[in-house]
Amino acid sequence: MACVVLGLAGCAAPHPSSQPVAYSGGDGSSCGKAVRILQAQHREDGMLGEKLWLDQNCAGYQKTSQADLESGGRHYEVFELATTDGQTRKVYFDTTDFINR
């Protein structure tokens, strides 16, 4: 999930807010049940929210791939994970609210 965002020289990158992370939506098993990260003021807030959700709900996971997806006018980030029991799982996050911030 770790994406590095680099600012251009002389430009200050926005800092993640100190707001607590809150979630809505579903269990992340599909676009229709995607996890939404609420109150993300910046893209970095959303990325942190994704990592925290994965850490809390998929303990011990290994990310095997990550992709962006657009469907029905909404933007999603899809993580494919290898779980501790040897299974693979996809988790969908609805990033529409913070993708361009």
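Residues take their numbers from the sequence shown, with the count starting at 1.
The minimum heavy-atom distance linking F98 with E50 is given by the pair CZ-OE2, 4.0 Å. A pairwise comparison of heavy atoms in S24 and L38 identifies OG-CD2, 3.5 Å as the closest pair. Counting all heavy atoms, side chain and backbone alike, K63 lies closest to L81 at CA-CD2, 4.0 Å.
Applying the side chain to side chain contact (heavy atoms under 4.5 Å, CB included) rule to N100 yields no partners; only residues at least two apart in sequence or on another chain are considered. V35 meets the side chain to side chain contact (heavy atoms under 4.5 Å, CB included) test with Y23, W53, F93; sequence neighbours excluded. In this view, D27 and S29 satisfy the side chain to side chain donor-acceptor pair (under 3.5 Å) rule, not counting sequence neighbours. When the side chain to side chain contact (heavy atoms under 4.5 Å, CB included) test is applied to T64, the partners found at least two apart in sequence or on another chain are E80, A82.
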* Check against side chain to side chain contact (heavy atoms under 4.5 Å, CB included), T84 and Y61 -> CA-CA 6 Å; T84 56; Y61 72 92; over 6 Å; no
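Of the possible donor and acceptor atoms, one in the side chain of D45 sits under 3.5 Å from a partner among the backbone N and O of H42. Side-chain atoms of T95 never come within 3.5 Å of backbone atoms of I99 as a donor-acceptor pair (strictly under, hydrogens ignored).
Residue pairs that meet the salt bridge (charged side-chain N to carboxylate O under 4.0 Å, His left out) test with at least one member in residues 28-37, sequence neighbours left out, are R36-D97.
Distance CD/Q39 to CD/Q41: 7.5 Å, rounded to 0.5 Å.
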Donor-acceptor pairs under 3.5 angstrom involving side-chain atoms of residues 67-76: please list them, not counting sequence neighbours.
from: R74; atom 1: NE; to: D94; atom 2: OD2; distance (Å): 2.8
from: R74; atom 1: NH2; to: D94; atom 2: OD1; distance (Å): 3.4
from: R74; atom 1: NH2; to: D94; atom 2: OD2; distance (Å): 3.1

